[in-house]
Amino acid sequence: DEFDYDGIDLDWEFPDNPTEAKNFNRLARRFRRDLNLLGQKKERPFLLTMAVNASPGLSKWLDTDVLLETMDFINVMTYDFFGGWSRQAGHHSALFESSQAKGVSTQKAMAYWHQIKGIPKDKLLVGLPLYSRGFAAAKPYDTVNRDASNPYQALAYRELHPLIKDGWACT
(Lines give C-alpha, C1' and ligand atoms only; values in the text may rest on other atoms or scores of the structure.)
Protein backbone atom coordinates (compact mmCIF):
# COMPACT_ATOMS: atom_id res chain seq x y z
CA ASP A 1 0.00 0.00 0.00
CA GLU A 2 2.73 2.46 1.00
CA PHE A 3 4.76 1.95 -2.20
CA ASP A 4 1.75 1.44 -4.50
CA TYR A 5 2.85 -1.93 -5.86
CA ASP A 6 0.55 -3.85 -8.21
CA GLY A 7 0.41 -6.94 -6.02
CA ILE A 8 2.40 -9.82 -4.57
CA ASP A 9 4.32 -12.65 -6.23
CA LEU A 10 4.82 -15.70 -4.00
CA ASP A 11 7.91 -17.83 -4.46
CA TRP A 12 7.44 -20.54 -1.85
CA GLU A 13 9.75 -23.37 -2.91
CA PHE A 14 7.82 -25.57 -2.29
CA PRO A 15 5.09 -26.81 -0.03
CA ASP A 16 6.45 -30.34 0.24
CA ASN A 17 4.17 -32.00 2.76
CA PRO A 18 0.53 -31.72 3.90
CA THR A 19 1.33 -29.32 6.76
CA GLU A 20 3.22 -26.90 4.53
CA ALA A 21 0.48 -27.14 1.90
CA LYS A 22 -2.13 -26.24 4.53
CA ASN A 23 -0.03 -23.26 5.65
CA PHE A 24 0.50 -22.18 2.04
CA ASN A 25 -3.27 -22.31 1.43
CA ARG A 26 -3.89 -20.14 4.50
CA LEU A 27 -1.27 -17.62 3.40
CA ALA A 28 -2.56 -17.45 -0.19
CA ARG A 29 -6.15 -16.94 0.99
CA ARG A 30 -5.04 -14.26 3.46
CA PHE A 31 -3.10 -12.37 0.78
CA ARG A 32 -5.99 -12.66 -1.68
CA ARG A 33 -8.46 -11.34 0.92
CA ASP A 34 -6.20 -8.44 1.93
CA LEU A 35 -5.38 -7.54 -1.67
CA ASN A 36 -9.08 -7.51 -2.52
CA LEU A 37 -9.74 -5.15 0.42
CA LEU A 38 -6.89 -2.90 -0.66
CA GLY A 39 -8.25 -2.96 -4.21
CA GLN A 40 -11.63 -1.78 -2.97
CA LYS A 41 -9.97 1.02 -1.04
CA LYS A 42 -7.82 2.12 -4.00
CA GLU A 43 -10.50 1.32 -6.61
CA ARG A 44 -8.25 -0.94 -8.70
CA PRO A 45 -7.38 -4.63 -8.71
CA PHE A 46 -4.21 -6.03 -7.13
CA LEU A 47 -2.50 -9.15 -8.45
CA LEU A 48 -1.56 -12.26 -6.55
CA THR A 49 0.78 -14.48 -8.56
CA MET A 50 3.22 -17.24 -7.74
CA ALA A 51 6.17 -19.15 -9.09
CA VAL A 52 5.74 -22.93 -9.22
CA ASN A 53 8.11 -25.74 -10.05
CA ALA A 54 7.86 -27.48 -13.40
CA SER A 55 8.27 -30.90 -11.77
CA PRO A 56 5.11 -32.83 -10.88
CA GLY A 57 6.90 -34.32 -7.88
CA LEU A 58 7.66 -30.90 -6.42
CA SER A 59 4.22 -29.48 -7.18
CA LYS A 60 1.94 -32.28 -6.04
CA TRP A 61 1.01 -30.66 -2.73
CA LEU A 62 -0.37 -27.48 -4.31
CA ASP A 63 -4.18 -27.55 -4.25
CA THR A 64 -5.69 -26.62 -7.62
CA ASP A 65 -8.89 -25.27 -6.06
CA VAL A 66 -6.93 -22.90 -3.82
CA LEU A 67 -4.74 -21.80 -6.74
CA LEU A 68 -7.79 -21.05 -8.88
CA GLU A 69 -9.45 -19.22 -6.00
CA THR A 70 -6.45 -17.06 -5.11
CA MET A 71 -3.98 -16.65 -8.00
CA ASP A 72 -4.27 -14.32 -10.97
CA PHE A 73 -1.31 -15.95 -12.76
CA ILE A 74 0.96 -18.92 -12.14
CA ASN A 75 4.56 -18.61 -13.34
CA VAL A 76 5.90 -22.09 -14.18
CA MET A 77 9.67 -22.21 -13.66
CA THR A 78 10.58 -24.09 -16.85
CA TYR A 79 14.29 -24.17 -16.17
CA ASP A 80 16.94 -25.93 -14.10
CA PHE A 81 15.96 -29.29 -15.55
CA PHE A 82 19.68 -30.10 -15.32
CA GLY A 83 22.28 -28.50 -13.07
CA GLY A 84 24.81 -29.05 -10.30
CA TRP A 85 22.62 -31.80 -8.82
CA SER A 86 22.62 -33.80 -12.09
CA ARG A 87 24.91 -36.70 -12.89
CA GLN A 88 24.58 -36.01 -16.59
CA ALA A 89 24.79 -32.88 -18.72
CA GLY A 90 21.58 -31.66 -20.32
CA HIS A 91 19.61 -28.65 -21.51
CA HIS A 92 18.48 -26.81 -18.43
CA SER A 93 15.49 -25.25 -20.16
CA ALA A 94 14.56 -27.45 -23.11
CA LEU A 95 11.46 -26.43 -25.04
CA PHE A 96 10.72 -30.04 -26.08
CA GLU A 97 11.84 -33.31 -24.57
CA SER A 98 14.72 -35.19 -26.16
CA SER A 99 15.14 -38.90 -26.67
CA GLN A 100 17.66 -38.87 -23.82
CA ALA A 101 15.67 -36.74 -21.36
CA LYS A 102 12.13 -38.08 -21.46
CA GLY A 103 9.50 -36.01 -19.68
CA VAL A 104 11.80 -33.04 -19.05
CA SER A 105 10.76 -29.99 -21.07
CA THR A 106 8.83 -26.78 -21.06
CA GLN A 107 6.12 -28.44 -23.16
CA LYS A 108 5.72 -31.28 -20.63
CA ALA A 109 5.70 -28.88 -17.68
CA MET A 110 3.00 -26.68 -19.17
CA ALA A 111 0.93 -29.72 -20.14
CA TYR A 112 1.18 -30.99 -16.55
CA TRP A 113 -0.06 -27.71 -15.09
CA HIS A 114 -2.90 -27.44 -17.60
CA GLN A 115 -4.00 -31.03 -18.20
CA ILE A 116 -3.18 -32.71 -14.88
CA LYS A 117 -3.41 -29.87 -12.35
CA GLY A 118 -6.34 -28.26 -14.21
CA ILE A 119 -5.07 -24.69 -14.40
CA PRO A 120 -6.55 -22.79 -17.39
CA LYS A 121 -4.03 -21.77 -20.04
CA ASP A 122 -4.84 -18.09 -19.57
CA LYS A 123 -3.53 -18.29 -15.99
CA LEU A 124 -0.24 -20.01 -16.89
CA LEU A 125 2.97 -18.15 -17.73
CA VAL A 126 6.21 -19.73 -18.97
CA GLY A 127 9.18 -18.76 -16.83
CA LEU A 128 12.36 -18.59 -18.93
CA PRO A 129 15.95 -18.35 -17.66
CA LEU A 130 18.23 -15.56 -18.77
CA TYR A 131 21.36 -17.50 -17.86
CA SER A 132 23.06 -20.64 -19.09
CA ARG A 133 24.37 -23.77 -17.43
CA GLY A 134 27.58 -25.48 -18.46
CA PHE A 135 28.82 -28.96 -17.65
CA ALA A 136 32.21 -30.67 -17.72
CA ALA A 137 31.07 -33.23 -20.30
CA ALA A 138 32.07 -33.95 -23.87
CA LYS A 139 28.53 -33.71 -25.24
CA PRO A 140 24.93 -33.39 -24.06
CA TYR A 141 23.71 -36.20 -21.82
CA ASP A 142 27.22 -37.52 -21.11
CA THR A 143 28.13 -38.10 -17.48
CA VAL A 144 29.50 -34.95 -15.85
CA ASN A 145 33.17 -35.11 -14.85
CA ARG A 146 32.81 -34.13 -11.20
CA ASP A 147 36.61 -34.18 -10.81
CA ALA A 148 37.01 -31.27 -13.23
CA SER A 149 38.09 -27.93 -11.73
CA ASN A 150 34.66 -26.44 -12.56
CA PRO A 151 32.23 -29.29 -13.32
CA TYR A 152 29.20 -26.99 -13.29
CA GLN A 153 29.04 -23.41 -14.48
CA ALA A 154 26.33 -20.80 -14.76
CA LEU A 155 26.70 -17.74 -16.96
CA ALA A 156 24.47 -14.69 -17.10
CA TYR A 157 22.93 -13.82 -20.45
CA ARG A 158 25.25 -10.81 -20.88
CA GLU A 159 28.29 -13.10 -20.43
CA LEU A 160 27.35 -15.21 -23.46
CA HIS A 161 27.82 -12.54 -26.16
CA PRO A 162 31.63 -12.29 -25.82
CA LEU A 163 31.85 -16.09 -26.01
CA ILE A 164 29.82 -16.18 -29.22
CA LYS A 165 32.07 -13.46 -30.73
CA ASP A 166 35.06 -15.69 -29.80
CA GLY A 167 33.62 -18.53 -31.87
CA TRP A 168 31.57 -20.48 -29.35
CA ALA A 169 28.43 -22.04 -30.80
CA CYS A 170 25.06 -22.07 -29.12
CA THR A 171 23.66 -25.61 -29.23
Side-chain angles (χ1 to χ4, degrees), residues 1-133 152 154-158 160:
D1 185 19
E2 178 182 348
F3 296 103
D4 201 34
Y5 292 132
D6 293 324
I8 298 171
D9 181 59
L10 296 175
D11 190 6
W12 183 330
E13 296 184 24
F14 307 93
D16 60 4
N17 62 53
T19 301
E20 283 193 15
K22 180 180 175 184
N23 291 334
F24 173 83
N25 292 345
R26 290 176 59 219
L27 179 69
R29 284 181 168 137
R30 175 70 184 264
F31 276 139
R32 177 77 279 156
R33 185 193 75 212
D34 290 355
L35 287 171
N36 287 348
L37 291 172
L38 183 60
Q40 290 172 357
K41 175 181 151 189
K42 292 198 167 209
E43 298 181 344
R44 67 182 177 95
F46 284 83
L47 297 174
L48 182 57
T49 64
M50 73 175 295
V52 297
N53 196 282
S55 167
L58 294 173
S59 303
K60 68 182 178 182
W61 297 105
L62 291 169
D63 183 314
T64 298
D65 291 335
V66 172
L67 296 176
L68 291 172
E69 170 191 331
T70 59
M71 298 297 148
D72 293 294
F73 298 105
I74 295 172
N75 306 298
V76 183
M77 296 183 290
T78 60
Y79 46 86
D80 289 343
F81 296 138
F82 289 87
W85 51 91
S86 308
R87 291 187 319 202
Q88 70 185 67
H91 299 287
H92 84 104
S93 185
L95 183 55
F96 302 107
E97 70 181 342
S98 75
S99 61
Q100 297 183 42
K102 291 285 186 190
V104 180
S105 70
T106 298
Q107 179 187 34
K108 289 285 186 180
M110 299 310 286
Y112 166 76
W113 277 98
H114 176 62
Q115 296 168 0
I116 306 300
K117 289 296 274 183
I119 304 297
K121 289 181 181 180
D122 64 353
K123 282 193 172 223
L124 292 172
L125 302 174
V126 175
L128 298 173
L130 293 178
Y131 59 92
S132 67
R133 290 208 179 271
Y152 301 98
L155 295 174
Y157 183 74
R158 71 179 180 280
L160 297 177

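All values derive from a computational prediction rather than experimental measurement.
The line from CG of Leu47 to CG of Asp72 is 5.0 Å long, rounded to the nearest 0.5 Å. For the atom pair Lys123 NZ and His114 NE2, the distance stands at 13.5 Å (nearest 0.5 Å). Note that CG of Asp80 is 9.0 Å distant from CG of Asn53, once rounded to the nearest 0.5 Å. Note that NZ of Lys108 and NZ of Lys102 are 8.0 Å apart. Values are rounded to the nearest 0.5 Å. The CZ atom of Phe81 lies 11.5 Å from the OG atom of Ser86; values are rounded to the nearest 0.5 Å. Remark: Gln40 CD to Leu35 CG distance equals 11.5 Å, nearest 0.5 Å.
Using a 4.5 Å heavy-atom threshold, the side chains of Asp6 and Phe46 count as separate. Side chains of Tyr112 and Ser59 form a contact here, defined as non-hydrogen atoms less than 4.5 Å apart. By the 4.5 Å heavy-atom criterion applied to side chains, Glu97 and Val104 are not counted as neighbours. Side-chain contact between Leu62 and Pro15 is present, with at least one heavy-atom pair separated by less than 4.5 Å. Under the 4.5 Å side-chain criterion, counting only non-hydrogen atoms from C-beta, Met71 is not in contact with Ile119. Looking only at side-chain heavy atoms (C-beta outward), Tyr131 and Arg158 stay at 4.5 Å or farther from each other. Between Ile74 and Leu67, some side-chain heavy-atom pair lies under the 4.5 Å cut-off.
With a 6.0 Å radius and a threshold of 12 heavy atoms from other residues, nucleotides or ligands, Lys117 has its NZ atom above the threshold. Remark: Arg87 CZ is loosely packed, at most 12 non-hydrogen atoms of other residues, nucleotides or ligands lying under 6.0 Å away. Around the NZ atom of Lys42, the shell of radius 6.0 Å holds more than 12 heavy atoms that belong to other residues, nucleotides or ligands. The number of heavy-atom neighbours closer than 6.0 Å to CZ of Arg30, taken from other residues, nucleotides and ligands shown, is 12 or below.
Nearest heavy-atom pair, Pro120 versus Leu68, reported as atom, atom and distance to 0.1 Å: CD-CD2, 3.4 Å. Phe82 and His91 get closest at one heavy-atom pair: CD1-O, 3.3 Å. Taking both residues in full, the closest heavy atoms of Ala154 and Arg133 are given as CB-NH1, 4.2 Å, listed atom of the first, atom of the second, then distance. In plain terms, the two heavy atoms of Gly127 and Thr78 that are nearest each other are O-OG1, 2.6 Å. When every heavy atom of Ala51 is checked against every heavy atom of Met77, the shortest pair comes out as CB-SD, 4.0 Å.
Using modelled atom types, no side-chain atom of Trp113 and backbone atom of Val52 make a donor-acceptor pair closer than 3.5 Å. Without hydrogens or angle criteria, Thr106 side chain to Ala94 main chain gives a donor-acceptor distance under 3.5 Å.
The side chain to side chain contact (heavy atoms under 4.5 Å, CB included) test applied to Thr70 returns Ala28, Arg29, Arg32, Leu48, Val66, not counting sequence neighbours.
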TODO: Test Leu128 against Tyr79 for side chain to side chain contact (heavy atoms under 4.5 Å, CB included), laying out the working first.
DONE: CA-CA 7 Å; Leu128 298 173; Tyr79 46 86; 5.9 Å; no

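Salt-bridge formation is detected for the pair Arg44/Asp4: a Lys NZ or Arg NE/NH1/NH2 atom is positioned less than 4.0 Å from an Asp or Glu carboxylate oxygen.
The side-chain hydrogen bond (donor to acceptor under 3.5 Å, both in side chains) contacts involving residues 7-20 comprise Asp9-Thr49, Asp9-Asn75, where partners must be two or more places apart or lie in separate chains.
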